[in-house]
Amino acid sequence: DTGVSQDPRHKITKRGQNVTFRCDPISEHNRLYWYRQTLGQGPEFLTYFQNEAQLEKSRLLSDRFSAERPKGSFSTLEIQRTEQGDSAMYLCASSLVGGRVETQYFGPGTRLLVL
Amino acid sequence: GQQVMQIPQYQHVQEGEDFTTYCNSSTTLSNIQWYKQRPGGHPVFLIQLVKSGEVKKQKRLTFQFGEAKKNSSLHITATQTTDVGTYFCANKDTGRRALTFGSGTRLQVQP
């Protein structure tokens, strides 16, 4: 499978714990995005990388959230001191610069439940 | 980002009926993208529109971008059960890479 993959697919944690999610983009895609989606809503942008550089962060990304893409390939999203409001689907997407339309390809997501 | 509003929130149709979802903005949009998300799935890119008045077709799906570039629609002719899912419009602000999604229209098709 050469699509975007995310791990884990599901995560249940207790409030106050830290969690880390991983995203493996499509090979050779140089842009990687993180979105959050709650039930009945569209995805909300969190942050994006071009290669290893984090170029944009949403106001939604509080200081408890941190994302990395150390070698310009896979990325991790860490949430520290989780809160119940962090419960959501965390989606990763990747795209390739160039071409007329930049198509973002989404992964299956990591569903987080904070108890 | 520029906010896009989608209507209706939910539509239930009989198989074979047509379906339309609308995406509206109070400001001019540089482009509009449409995505489909199946139940339990992830968003899948359908199409991008950039020109005023643009109309594109994909089999039974017809996408339109308004003349003023403030609204867009997705029309499905003769729905099938495989069309079930949530349809999102999304916009990418000029100079930004992030997409701003609408809240989506959930389509249910009764066989």
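Scope of the values below: all heavy atoms of this structure, side chains included, with no hydrogens, waters or symmetry mates. Each chain gets a letter, A, B and so on, in the order the sequences are listed, and its residues count up from 1.
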**Prompt:** Checking A:Y35 against chain B: side chain, backbone, both or neither under 4.5 Å from a heavy atom?
**Reply:** side chain
**Request:** Among B:S103, B:P43, B:G104, single out the residue with the greatest number of heavy-atom pairs under 4.5 Å to chain A.
**Result:** B:P43
**Message:** For A:I12, I'd like to know if atom CD1 has over 12 heavy atoms of other residues, nucleotides or ligands within 6.0 Å.
**Reply:** no
**Request:** Could you tell me whether the side chains of B:Q48 and A:E102 share a donor-acceptor contact shorter than 3.5 Å?
**Result:** no
**Item:** Hydrophobic cluster membership, A:Y90 vs A:L61, 4.5 Å side-chain cutoff
**Value:** yes
**Asked** Relative to chain A, which segment of B:Q6 carries a heavy atom at a distance below 4.5 Å: side chain, backbone, both, or neither?
**Response** neither
**Prompt:** With a cut-off of 6.0 Å (strictly less than), are more than 12 heavy atoms of other residues, nucleotides or ligands near CD of B:E15?
**Reply:** yes
**Fill in**
Whatever's closer than 4.5 Å to a heavy atom in chain B on A:Q41 counts as both
**Message:** Any heavy-atom pair between the side chains of B:F88 and A:Q37 that's under 4.5 Å?
**Reply:** yes
**Asked** Taking a hydrophobic cluster as the set of Ile, Leu, Val, Met, Phe, Trp and Tyr residues connected by side-chain heavy atoms closer than 4.5 Å, whether directly or through intermediates, do B:I32 and B:I76 fall within one such cluster?
**Response** yes
**Complete:** The reported gap from CE in A:M89 to CD in B:Q37 (rounded to nearest 0.5 angstrom) is 7.5 Å
**Request:** State plainly whether one hydrophobic cluster holds both B:I47 and B:F19, where clusters connect Ile, Leu, Val, Met, Phe, Trp and Tyr through side-chain heavy atoms under 4.5 angstrom apart.
**Result:** yes
**Request:** Could you look at A:R31 and say if it's the side chain, the backbone, both or neither that has a heavy atom under 4.5 Å from chain B?
**Result:** side chain
**Prompt:** Are A:F21 and A:F74 connected in the hydrophobic side-chain network, where two residues link if heavy atoms are under 4.5 Å apart?
**Reply:** no
**Item:** Side chains of B:F45 and A:F106 in contact at under 4.5 Å (non-hydrogen atoms)
**Value:** no
**Request:** Determine whether B:L107 and B:L74 fall in the same hydrophobic cluster, where Ile, Leu, Val, Met, Phe, Trp and Tyr are linked whenever their side-chain heavy atoms lie under 4.5 Å apart.
**Result:** yes
**Message:** Would you say CD of A:E28 has more than 12 non-hydrogen atoms from neighbouring residues, nucleotides or ligands within 6.0 angstrom?
**Reply:** no
**Item:** Distance (rounded to the nearest 0.5 Å) between B:L99 CG and A:Y33 OH
**Value:** 7.0 Å
**Request:** Please assess A:F45 against B:F101 for the test ring pair (Phe, Tyr, Trp, His ring centres under 6.0 Å), listing each intermediate value before the final yes or no.
**Result:** CA-CA 9 Å; A:F45 168 74; B:F101 283 80; over 10 Å; no
**Asked** chain A heavy atoms under 4.5 Å from B:Y10: which part of the residue, side chain, backbone, both or neither?
**Response** neither
